[in-house]
Every structure is written in C-alpha cells, then in structure tokens.
Amino acid sequence: AQLKDPIFATFFTEQAAELQPLNAELRYEVYLLAKAADLPYTTHLKKLSQLDARMMRPNMWLELGAALEQANELSAALDAYLAANNADPSLLNKASQASIGDLYLQLENLNQAKSWLKKAQKVAGAANQRVHSGLLQLAILEKNWPAAEKQIEALDKAFPNFLDTSKFSQARQEI
C-alpha cells in the first residue's frame with residue numbers, strides 16, 4: 001500500500017484476512033484497498049458487516065445494500081439499507097428510499113412499500129420509473145383504480161414507451 005500499488009496491496013491483505021477470518025480490522029483494510037484499486041469489494045463489505053457491524057459507516061451500509069440488491073439478495077439488501085437509515089437518516093436520498101420501497105414490495109410488505117415509495121416520489125431518473133411502477137403495482141393489488149390511472153399517466157408522461165414493454169403492458173386495458 002505504501003508503494004501506491006492498491007492491487008497488490010489488496011491481494012496480500014486479502015490473503016492475510018483469509019488467514020485471520022475473525023479479524024474485522026483486516027477485512028476493513030481489504031475493503032478500503034479493493035475500493036481504492038477499483039476491484040470488487042462487496043464480499044469484503046458483507047463479511048465485515050457480519051464480523052463487526054459497528055465498523056460499518058452509513059455509506060458502507062448503502063453500498064452494501066445496493067450491491068446485495070443487484071445480486072438479488074432482497075432481505076439482506078433491505079437490512080443493509082435500513083441499517084444505513086438507522087445510522088444516518090439524512091444519508092438516504094430519494095433513490096435509496098425508492099430501493100427500500102421496491103424491496104418491501106418484492107418482499108410483499110405492502111404497507112412499508114407504500115410508505116417508502118411515497119417518500120421517494122420526487123426522485124428523478126430511473127428511480128422515478130421504479131417509484132411509479134411500484135405505486136402502480138400497489139394500486140392494482142389494492143384495486144384502487146383511480147390511483148392506478150394516476151400512476152399510468154405519470155409513467156406515460158415521464159417514460160412514454162415503458163408500459164408497453166413492461167409487466168404492466170396489460171394494465172391500461174384491465175383498468
């Protein structure tokens with residue numbers, strides 16, 4: 001690391017961490033080095049969270065949540081996002097709130113899903129599509145047709161071709 005070679009530093013520190021699997025400080029160093037070297041670090045972050053959650057900073061929980069969500073580990077991703085929220089609620093941006101709402105929806109906790117998706121309603125970009133899709137799905141599940149129509153209008157306005165190519169392609173006709 002002192003020679004400014006983060007790739008080799010990561011490799012050797014990772015080897016040391018494997019020899020001492022309960023050493024959270026070493027695992028934290030591997031995470032930092034891997035991140036600096038632009039190498040995959042999710043595994044190290046996950047192991048660190050399991051070894052000593054107190055070493056995890058709120059931004060690390062967010063990184064872990066996003067990585068676990070991408071790996072389709074829904075419950076673990078939700079736990080990581082909520083840990084970030086518990087540590088520093090101001091750190092959660094609208095996109096993270098949308099992720100939490102979507103995870104709750106996928107895990108069939110509809111009340112929490114609705115609450116988090118509504119918090120994230122003013123988000124921009126792809127997360128906005130996620131919010132409106134989630135709220136549309138909730139409206140359909142609740143048979144709240146006016147709310148479903150409102151979400152369809154919002155999706156049509158912001159993402160004109162989305163509904164026709166999504167799992168909601170038949171929603172407009174059904175409603």
Side-chain angles (χ1 to χ4, degrees), residues 31 34-35 38 40-175:
Y31 155 73
K35 189 171 179 179
D38 204 21
Y41 57 84
T42 303
T43 303
H44 307 296
L45 202 51
K46 190 174 181 180
K47 287 180 182 179
L48 179 62
S49 73
Q50 294 164 346
L51 282 173
D52 189 353
R54 296 171 300 179
M55 291 186 77
M56 297 285 289
R57 312 278 187 290
N59 64 312
M60 293 164 68
W61 284 115
L62 279 179
E63 289 174 1
L64 182 59
L68 291 171
E69 183 178 9
Q70 200 168 44
N72 209 29
E73 296 182 40
L74 305 181
S75 292
L78 181 59
D79 290 343
Y81 278 124
L82 293 176
N85 184 57
N86 291 340
D88 184 1
S90 68
L91 188 65
L92 253 62
N93 60 22
K94 297 288 184 190
S96 297
Q97 292 172 345
S99 290
I100 293 171
D102 191 46
L103 287 166
Y104 271 125
L105 184 57
Q106 290 179 65
L107 294 168
E108 299 178 0
N109 185 332
L110 303 184
N111 289 332
Q112 287 293 334
K114 183 184 266 187
S115 172
W116 282 96
L117 289 170
K118 284 187 181 244
K119 286 180 190 180
Q121 271 190 311
K122 302 267 190 243
V123 70
N128 187 19
Q129 182 180 10
R130 198 172 184 189
V131 167
H132 288 297
S133 296
L135 290 171
L136 173 58
Q137 185 174 347
L138 284 167
I140 291 170
L141 290 170
E142 295 171 344
K143 298 182 183 349
N144 184 344
W145 308 128
E149 287 176 350
K150 181 180 174 186
Q151 295 308 320
I152 287 174
E153 288 173 16
L155 282 164
D156 281 343
K157 183 177 178 185
F159 308 96
N161 298 319
F162 169 73
L163 277 179
D164 298 329
T165 59
S166 74
K167 66 181 181 180
F168 301 110
S169 60
Q170 300 300 314
R172 192 185 325 270
Q173 290 79 19
E174 291 173 13
I175 292 170

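Numbering starts at 1 and runs along the sequence shown.
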What's the shortest heavy-atom distance between Ala87 and Pro58, and which atoms? CB-CG, 3.6 Å

Rounded to the nearest 0.5 Å, how far does CZ of Phe168 lie from CG of Leu155? 8.0 Å

Would you mind reporting whether Leu48 and Met55 have side-chain heavy atoms less than 4.5 Å apart? yes

For atom CG of Asp164, decide whether the heavy atoms of other residues, nucleotides or ligands shown that lie under 6.0 angstrom number more than 12. yes

Closest approach of Pro40 and Ala34, non-hydrogen atoms and distance? O-CB, 3.9 Å

Is there side-chain contact between Trp61 and Leu91, with heavy atoms separated by less than 4.5 Å? no

With a 4.5 Å heavy-atom cut-off, do Leu62 and Leu92 have their side chains touching? yes

Closer than 3.5 angstrom, by distance alone: can the side chain of Ser115 be matched with the main-chain N or O of Gln112 as a donor-acceptor pair? no

Do you know the tightest heavy-atom contact between Leu64 and Ser49? CD2-OG, 3.7 Å

Side-chain (Arg172) to main-chain (Gln170) donor-acceptor, under 3.5 angstrom: no

To check you understand the geometry: which heavy-atom pair defines the closest contact between Leu105 and Ala113, and what is its length? N-CB, 3.5 Å

Is it true that, when you exclude Asn111 itself, more than 12 heavy atoms of the residues, nucleotides or ligands shown sit nearer than 6.0 Å to its CG? no

Within the side chain of Lys94, is there an N or O that forms a donor-acceptor pair under 3.5 Å with the backbone of Gln121? no

Ignoring hydrogens, what is the shortest heavy-atom contact between Ile175 and Leu136? Give both atom names and the distance. CD1-CD1, 4.5 Å

Just one of Glu63, His44, Met60 clears the side chain to side chain contact (heavy atoms under 4.5 Å, CB included) bar with Lys35, so which one? Glu63

Minimum heavy-atom distance between Asp88 and Ser90, given as atom pair plus value: OD1-OG, 2.6 Å

With a 4.5 Å heavy-atom cut-off, do Thr165 and Phe159 have their side chains touching? no

Atom CD of Gln50 with >12 non-hydrogen neighbours under 6.0 angstrom: yes

Do Asp102 and Ser99 have side-chain atoms, one donor and one acceptor, less than 3.5 Å apart? no

